[in-house]
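What follows is a set of notes on a single structure, which appears directly below.
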Amino acid sequence: MAEAKQERYEDSELYRIRHSAAHVMAQAVIEAFPEAKYTIGPPVENGFYYDFDLPRTLTPEDLKKIQKRMRKILNGQHEFVKKVLSADEARQIFKDQPYKLELIEGLEEGGFDEYGNPLDEKPDISIYSHDSFVDLCRGPHVESTSQINPKAVKLMSVAGAYWRGDENNKQLQRVYGTAWNSKEELDAYLWQLEEAKKRDHRKLGKELDIYTFDDEVGPGLPLWLPNGATIIEELEQLAKNIEREAGYQQVRTPHLTKEDLFIRSGHLPYYAESMYPPMEMEGVRYFIKPMNCPMHHKIFAARQRSYRDLPIRLAEYGTCYRYEKSGELFGLMRVRSMQMNDAHIYCSEEQFEEEFMAVIGLYMKYFEIFNIDKYVMRFSTHAKEGLGKKYIDNERLWLKTEDMVRQAMENGGVRYVEVADEAAFYGPKIDVQVWSAIGKEFTLATNQVDFAVPPKFDLKFINAQGEEEIPLCIHRAPLSTHERMIGFLIEHYAGAFPVWLAPIQAVIIPITDDHLDYAFEVEKKLKKAGIRAEVNARNERMNAKIRNAQKQKIPYMLVVGDAEVEAGAVALRMRDGEDRGAFPVDDFATLALKVIAERSPALEA
RNA sequence: GCCGACGUAGCUCAAUCGGCAGAGCAGUCGCCUUGUAAGCGACAGGUUAUGGGUUCAAUUCCCAUCGUCGGCUCCA
């Protein structure tokens, strides 16, 4: 990757093109709806959007018309002209635009730019105009519409969006568009979107029989099919092995607990609305658990702890249920039942850095296993305004633990970005964003410091001085949930899993029914060796069986006919299409077992 | 939860203006006995998501509910 010198997106020509395209789009929309109120329209990752308050809902036909009009405007060689003016002058220009007036007020007071981002100093108020359109805007823009290629601009979709991102505000209509330097770039982007669709875990998950949803079971409650369950089993084995080596202990806890536990932990007031409602038995209210931590805390508290016992690392693939709002559900990525690669590490302050970095070390190990080469550690901290609301009200401990994390990351040479106001209610956290093979971003692992809940549970250990001390708790889930992890892996590998994860590792394809007995013999042998092998005994021609195995992305196809029966061999065809010819059965088993044992991404070690 | 679009066989999709609901794949059965990405034939498969309404007649038009999708919001 290119180092430092890389141009920031905000400074790029493309950014100005998109920003300017947003203005041109707004012009086209306002021409079509003179009574429209317009709000903001910034560039975003692959394009731009503009939010409008319109008298009626936009249809796909409207989008076509708007796009057509945009192209005409773009061909008009209109210059973008900036003018700095006073708040009163601006108010005069936008007197019929309530959202703009609100923005002007914000700019005048200072502290925020037109998108609501905090600013250090009071900004100038400026407008940009081109053709017949004027917008309150800080820029920058291209000099003229002639710098925007009309053929490299496309409107994508229209969606609802709240004014200023607040769900209590009015819902606006957001029109998304994309713009590029050239038609070729636009085409490449559209092609990439098509590719992403092919890898979509919802599509592949169905095709590869990994999981399914059923209306009668309920939204967000996946049913894992045998193929999916096999992948889960492999992931759990991996995690359990690694955690055993790293000094974790497995625990198991119930799916239900009394309300009191969540009152004590402090979760209930924060998360009641995303927990399944309580059920009452003999006058006692129970909740289905949305997380495992309170019960792990109880295990810690089950006996007296000495500093000699620490750190204590309690791990559980705990099954949790969260009532995610209906509109938030998304395939396997956002579900209501999930199984977390969860663990809680209880340690002293002195041990914190080592423990915290050991968790980061786990991430690195997993990145290597799963061939993840792009990631960002997002360090989420509190915001002062949220103390006593979103966050536990103890500024001293916030600052202290945040500093501990910062220190640990810096000492360990781990690069991270800091994001304010995104911490958990009980402490700062690291979220790990990773990018799949086609550059789609996912948030998987999480690593959270908890200074707030252990004292609520009265957790303590006796330190070397014989005094009681409260441990710190690190919540961590390097493999996220099975649901999200497998969703990611499906898209990352496009369904062609590494052999160790492949639900079926080898399919045995007899050429005629005469070879069936031998085929089953081979199957038995391979199964015994620990390879997930299956005979395809269907009444089909060999070609159809190969095609079928190819579509199922099965790593190894073992064709058996007269020659193979004779030689005690299999004809090995790889998933990548390579025909490797005859292999003695034992040799194939050795080859496959090596690839599996190494968890290699390749088909041959 | 909010805004919008969508919902036809297990899957992918047809059905003109409101006029007898259809195809491919998958499934079952039969024939073929096959050498590296689809052999052939037959059969079966549907309360057109659910519930109401308009109409002589509704997959088609209207309403409600449920679900999915694109976003927003949210993610302990």
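Values below: all heavy atoms of this structure, side chains included; hydrogens, waters and symmetry mates excluded. Within every chain, numbering begins at 1; the chains are lettered A, B, ... in the order of the sequence lines, protein sequences first and strands thereafter.
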Heavy-atom pair with the smallest gap, counting every atom of A424(A) and Y391(A): O-CD2, 3.6 Å

Presence of donor-acceptor pair under 3.5 Å, side chain of N543(A) and base of U36(B): no

Bracket string, RNA chain B, 5' to 3' - pairs by Watson-Crick or G-U geometry under 3.5 Å, | interstrand: (((((((..((((.....[..)))).(((((.......))))).....(((((..]....))))))))))))....

Whole-Å P distance, C2(B) and U8(B): 24 Å

Length of the line joining Y211(A):OH and G10(B):P, which is rounded to integer Å: 19 Å

Of the listed nucleotides G67(B), A26(B), U34(B), the one nearest the side chain of D215(A): G67(B)

d(CZ, R538(A); C1', C25(B)) in whole Å: 11 Å

Within the 6.0 Å centroid threshold, strictly below: Y286(A) and H255(A): no

U60(B) to U54(B) separation - C1' atoms, rounded to the nearest Å: 13 Å

Interatomic distance, E564(A) CD vs U36(B) C1' [rounded to whole Å]: 11 Å

R541(A), nearest nucleotide to its side chain (from G70(B), U34(B), G35(B)): U34(B)

Integer angstrom distance from the C1' of C31(B) to that of A37(B): 24 Å

Separation of U36(B) P from I546(A) CD1 (nearest whole Å): 7 Å

Interatomic distance at P, A49(B) relative to C13(B), whole Å: 15 Å

Atom pair distance, as rounded to whole Å: NZ in K197(A) and C1' in C69(B): 11 Å

Aromatic ring proximity Y346(A)/H296(A), centre distance under 6.0 Å: no

F300(A) ring center near H344(A) ring center (under 6.0 Å): no

Between C1' of A5(B) and CE of M156(A), the distance in whole Å: 16 Å

Rounded distance in Å between the P positions of G67(B) and A76(B): 24 Å

Touch class at under 4.0 angstrom, heavy-atom based, for S326(A) against every strand present: base

R202(A) side chain near G70(B) phosphate (N/O to OP1/OP2, under 4.0 Å): yes

Which residue lies more 5' along RNA chain B, comparing N539(A) with H515(A) via nearest heavy atoms: N539(A)

P gap between C61(B) and A23(B), integer Å: 24 Å

Touch class at under 4.0 angstrom, heavy-atom based, for A549(A) against every strand present: nothing

Residues that L516(A) engages under side-chain contact (heavy atoms from CB on, under 4.5 Å), provided they are two or more places apart: P510(A), D513(A), F520(A), V535(A), A537(A)

Reading 5' to 3' through nucleotides 71-76 of chain B, protein heavy-atom contacts under 4.0 Å coded B for base, S for sugar-phosphate only, - for none: BBBBBB

Nearest heavy-atom neighbours spanning P222(A) and G220(A): CD-O, 3.3 Å

Which atom of E259(A) lies closest to which atom of F287(A), heavy atoms considered: CG-CE1, 3.6 Å

Sugar-phosphate only, base, or nothing, as touched by G218(A) at under 4.0 Å among non-hydrogen atoms: nothing

Non-hydrogen atoms of F379(A) and P428(A) that approach each other most closely: CE1-CB, 3.8 Å

Approximate separation, where rounding is to 0.5 Å, of M295(A) CE and H297(A) NE2: 11.0 Å

Validation row, ring centre F52(A) to ring centre Y38(A) under 6.0 Å: no

Contact summary for V499(A) and Q505(A), nearest pair of heavy atoms: O-NE2, 2.9 Å

C1' atoms of A44(B) and G30(B), separation to the nearest Å: 14 Å

Atom-pair distance (CG on D576(A); P on A37(B)), nearest Å: 13 Å

Under-4.0 Å side-chain N/O to phosphate OP1/OP2 contact, K206(A) with U12(B): yes

Nucleotide nearest T512(A) (side chain, heavy atoms from C-beta), chosen from G35(B), U34(B), A37(B): U34(B)

Whole angstrom value for the distance that separates C1' of U68(B) from CG of L332(A): 14 Å

Rounded P spacing from A26(B) to G41(B) in Å: 13 Å

Which residue lies more 5' along RNA chain B, comparing T57(A) with D514(A) via nearest heavy atoms: T57(A)

